[in-house]
Amino acid sequence: MSASLHTEIDRVINPLDVLEQIIAGNEWVFERRSDEEMAAEAPGKWCDYGLHFSWSSEMSAMAFTCAFDLKVPAARREKLYELLALANDRLWIGHFGIESEEGVPVFRHSVLLRGAQGASAESLEDMVDIALTECERFFPAFQFVLWGGKSPADALAAAMLDCVGEA
């Protein structure tokens, strides 16, 4: 790697510093594990979400994972993989997956910051907000497939139903 590239990387503000302020401002529990890693917990309507941020100064990239508080039994994973594929077709940013070791559904997204002086607070807030919004939006579909016995297509259709008016 050239010296000029090292200098550029050194000038990039660590986005975890900004995220730490955002998360503290929301009064969420968090742990700054190192200059490259941070974990937090964000409350949701359906469950609490585990947030994990990994910063690579070498790549000028940040990987972000938002994990559901929901374990998927091995016997039900095949149907959930089908649901994930259908749900991912509806996303503009990020994607859903299943964390392989524990079988936890996750929303993942990565941000490349090469050439930037750092990520703005607004863009990092948007990244977290989008993840939480998508997790909340699709959570009922996960429940319908895992515990309601619905097919992935039916579960997604039921979860995506937009209510109009008030009951």
Side-chain angles (χ1 to χ4, degrees), residues 15-16 18-20 22-33 36-56 59 61-113 119 121-167:
L16 294 181
V18 179
L19 276 164
E20 188 172 332
I22 293 168
I23 289 170
N26 282 308
E27 298 181 354
W28 297 341
V29 175
F30 72 93
E31 178 185 2
R32 181 75 179 260
R33 297 176 178 167
E36 294 84 30
E37 186 178 6
M38 184 168 62
E41 188 173 293
K45 182 168 89 174
W46 304 107
C47 70
D48 290 338
Y49 297 99
L51 311 178
H52 184 262
F53 306 90
S54 294
W55 166 244
S56 170
M59 294 177 55
M62 185 172 52
F64 169 55
T65 303
C66 181
F68 290 71
D69 185 15
L70 177 71
K71 289 198 179 190
V72 179
R76 298 185 188 218
R77 288 188 189 168
E78 186 176 325
K79 291 285 185 195
L80 200 61
Y81 284 123
E82 186 180 339
L83 175 63
L84 294 176
L86 294 171
N88 284 337
D89 280 346
R90 295 177 178 239
L91 298 175
W92 279 66
I93 295 174
H95 67 278
F96 285 108
I98 296 179
E99 195 270 337
S100 58
E101 288 180 24
E102 297 193 24
V104 174
V106 296
F107 179 88
R108 292 188 176 106
H109 181 58
S110 295
V111 178
L112 297 172
L113 297 170
E122 294 83 4
S123 67
L124 294 172
E125 285 175 337
D126 288 347
M127 179 185 71
V128 173
D129 185 52
I130 288 167
L132 293 173
T133 299
E134 296 298 6
C135 288
E136 289 284 285
R137 182 166 76 124
F138 287 96
F139 188 92
F142 285 76
Q143 292 287 72
F144 291 153
V145 167
L146 291 174
W147 316 119
K150 289 190 176 287
S151 73
D154 289 344
L156 191 61
M160 299 296 103
L161 186 65
D162 289 324
C163 297
V164 178
E166 294 182 24

*Asks:* State the OG-CE distance between Ser56 and Met62, to the nearest 0.5 angstrom.
*Replies:*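 Taking OG in Ser56 and CE in Met62, the distance rounds to 11.5 Å.
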
*Asks:* Quick one: does any side-chain atom of Glu136 pair with a main-chain N or O of Gly44 as donor and acceptor, under 3.5 Å?
*Replies:*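 Answer holds: no.
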
*Asks:* Please report the closest heavy-atom contact between Ala155 and Val145, naming both atoms and the distance.
*Replies:*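 Closest approach of Ala155 to Val145, heavy atoms only: CB-CG2, 3.5 Å.
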
*Asks:* Taking the side chain as every heavy atom from C-beta outward, state whether Trp55 and Leu113 have any pair of such atoms under 4.5 Å apart.
*Replies:*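 Yes, at least one pair of side-chain atoms sits under 4.5 Å.
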
*Asks:* Output, in order, the C-alpha distance, side-chain angles, deciding distance and verdict of side-chain contact (heavy atoms from CB on, under 4.5 Å) for Leu19 and Val128.
*Replies:* CA-CA 9 Å; Leu19 276 164; Val128 173; 4.1 Å; yes

*Asks:* Would you indicate whether the side-chain heavy atoms of Asp69 and Glu41 approach each other to under 4.5 Å?
*Replies:*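 When only atoms from C-beta onward are counted, Asp69 and Glu41 do not touch, as no gap falls below 4.5 Å.
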
*Asks:* Knowing that exactly one of Leu132, Thr65, Leu91 qualifies, which makes a side-chain contact (heavy atoms from CB on, under 4.5 Å) with Phe107?
*Replies:*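 Option passing the side-chain contact (heavy atoms from CB on, under 4.5 Å) with Phe107: Leu91.
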
*Asks:* Restricting to side chain to side chain donor-acceptor pair (under 3.5 Å), what partner residues turn up for Asp154, sequence neighbours left out?
*Replies:*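 Residues passing side chain to side chain donor-acceptor pair (under 3.5 Å) with Asp154: Ser151.
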
*Asks:* If I compare all heavy atoms of Leu51 with all of Ala42, which pair ends up nearest, and what's the gap?
*Replies:*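 Result for this residue pair: CD1-CB, 4.0 Å.
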
*Asks:* Could you state the interatomic distance from CG (Leu156) to CG (Asp89), rounded to the nearest 0.5 Å?
*Replies:*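 If I round to the nearest 0.5 Å, the distance is 9.5 Å.
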
*Asks:* Could you state the interatomic distance from CG (Asn88) to CZ (Arg108), rounded to the nearest 0.5 Å?
*Replies:*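 Rounded to the nearest 0.5 Å, the CG-CZ separation comes out at 10.5 Å.
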
*Asks:* Look at the aromatic rings of Phe53 and Phe64 and report parallel, tilted or perpendicular, splitting at 30° and 60°.
*Replies:*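 Phe53 and Phe64: parallel rings.
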
*Asks:* Within the distance-only criterion (no hydrogens, no angle test), does the side chain of Arg77 pair as donor or acceptor with the backbone N or O of Val72 below 3.5 angstrom?
*Replies:*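 Indeed, once roles are kept as given, a pair shorter than 3.5 Å links the two residues.
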
*Asks:* Looking at Pro105 and Leu80, what are the two nearest heavy atoms and their distance?
*Replies:*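 Scanning both residues completely, I find the closest heavy atoms to be CG-CD2, 4.2 Å.
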
*Asks:* Once you round to the nearest 0.5 Å, how far does NZ of Lys79 lie from CG of Leu83?
*Replies:*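 Answer rounded to 0.5 Å: 11.0 Å.
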
*Asks:* Where do Glu102 and Glu99 come nearest, in terms of heavy atoms and distance?
*Replies:*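 Shortest heavy-atom separation between Glu102 and Glu99 comes out as N-OE1, 2.8 Å.
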
*Asks:* Considering all heavy atoms of both residues, which atom of Tyr49 and which atom of Cys135 are nearest to each other, and what is their separation?
*Replies:*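 Closest heavy-atom pair between Tyr49 and Cys135: CE2-CB, 3.5 Å.
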
*Asks:* Is any side-chain heavy atom of Phe138 closer than 4.5 Å to a side-chain heavy atom of Arg90?
*Replies:*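 Yes, close enough: below the 4.5 Å cut-off.
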
*Asks:* Leu70 vs Trp46, test: side-chain contact (heavy atoms from CB on, under 4.5 Å). Steps then yes/no.
*Replies:* CA-CA 10 Å; Leu70 177 71; Trp46 304 107; over 6 Å; no

*Asks:* Just so I know, are the side chains of Leu124 and Pro15 near enough to count as touching, which here means a heavy-atom distance under 4.5 Å?
*Replies:*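 Yes. Closest side-chain heavy atoms under 4.5 Å.
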
*Asks:* From Ile93 CD1 over to Ile130 CD1, what is the distance, rounded to the nearest 0.5 angstrom?
*Replies:*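 Here the interatomic distance stands at 4.0 Å.
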
*Asks:* Do Ile23 and Met38 come close enough that some side-chain heavy atom pair is under 4.5 Å?
*Replies:*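 The answer is yes; the side chains approach within 4.5 Å.
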
*Asks:* Between atom CZ of Arg33 and atom OG of Ser54, what is the distance when rounded to the nearest 0.5 Å?
*Replies:*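 Arg33 CZ to Ser54 OG: 9.0 Å, rounded to 0.5 Å.
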
